> 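Questions regarding the structure given below will be posed in turn.
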Amino acid sequence: MKFTESQLKDITSKIDSKCGEFECPICKNKSFDIDRDIIHLPSYPIRGNEVEPGDISVRDCVAYICKNCGHVVLFSID
């Protein structure tokens with residue numbers, strides 16, 4: 001599923017207001033591409049070597065991709 005233009009504008013405005021001018025933590029570049037796809041980050045408990053069935057949760061994120069080094073930064077949109 002993809003973000004609409006309106007959703008991306010709202011999300012990036014909120015991130016910009018909280019982070020200021022964001023820079024890549026790896027190379028310090030300040031130019032990013034923003035992935036239009038919603039990233040679904042799964043989380044689940046593991047006991048020993050087993051995943052507990054039914055306890056999986058998903059956090060929706062937006063990905064910022066550094067135009068210089070390709071480092072990916074995820075921001076939760078929940």
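Keep in mind the model is a prediction, meaning the values are calculated, not measured.
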> Parallel, tilted or perpendicular: which fits the ring planes of Tyr64 and Phe22, with parallel below 30° and perpendicular above 60°?
perpendicular

> Heavy atoms only: give me the nearest Leu74-Ala63 pair and the separation to one decimal.
CD2-CB, 3.7 Å

> Are Ile11 and Ile38 linked, directly or through other ILVMFWY residues, by side chains that come within less than 4.5 angstrom of each other?
yes

> Between Cys66 and Asn29, which heavy-atom pair has the shortest distance, and what is it?
SG-ND2, 3.4 Å

> Identify the heavy atoms of Phe32 and Cys24 that sit nearest to each other, and give their distance.
CZ-N, 3.4 Å

> Considering all heavy atoms of both residues, which atom of Gln7 and which atom of Lys2 are nearest to each other, and what is their separation?
OE1-O, 4.2 Å

> Check whether any side-chain heavy atom of Cys27 lies under 4.5 Å from a side-chain heavy atom of His71, and answer yes or no.
no

> In Å, rounded to the nearest 0.5 Å, how long is the span from CZ of Phe75 to CG of Asp60?
15.5 Å

> Going by salt bridge (charged side-chain N to carboxylate O under 4.0 Å, His left out), name the residues that satisfy it together with Lys67, two or more places apart in sequence or in a different chain.
Asp33

> If you round to the nearest 0.5 Å, how far is CZ of Arg59 from CG of Leu41?
8.0 Å

> About how many Å separate OG of Ser57 and NE2 of His40, when rounded to the nearest 0.5 Å?
13.5 Å

> Checking side-chain contact (heavy atoms from CB on, under 4.5 Å) against Cys61, which of Val73, Ile77, Ile39 comes through?
Ile39

> Please check: side-chain N/O of Arg36 versus main-chain N/O of Phe3, any donor-acceptor pairing under 3.5 Å?
yes

> Given side chain to side chain contact (heavy atoms under 4.5 Å, CB included), test Val62 with Ile15 step by step and report yes or no.
CA-CA 10 Å; Val62 63; Ile15 292 170; 3.9 Å; yes

> Given Asp35 and Ile65, is the side chain to side chain contact (heavy atoms under 4.5 Å, CB included) satisfied, shown in steps?
CA-CA 7 Å; Asp35 193 337; Ile65 305 156; 4.2 Å; yes

> Quick one, Ile34 with Leu8, criterion side chain to side chain contact (heavy atoms under 4.5 Å, CB included). Give me CA distance, side-chain angles, the key distance, then yes/no.
CA-CA 9 Å; Ile34 299 172; Leu8 272 181; 3.8 Å; yes

> With sequence neighbours left out, what residues match Asn49 under side chain to side chain donor-acceptor pair (under 3.5 Å)?
none

> When clusters are formed by joining ILVMFWY residues with side-chain heavy atoms under 4.5 Å apart, either directly or through shared neighbours, do Met1 and Val58 land in the same one?
no

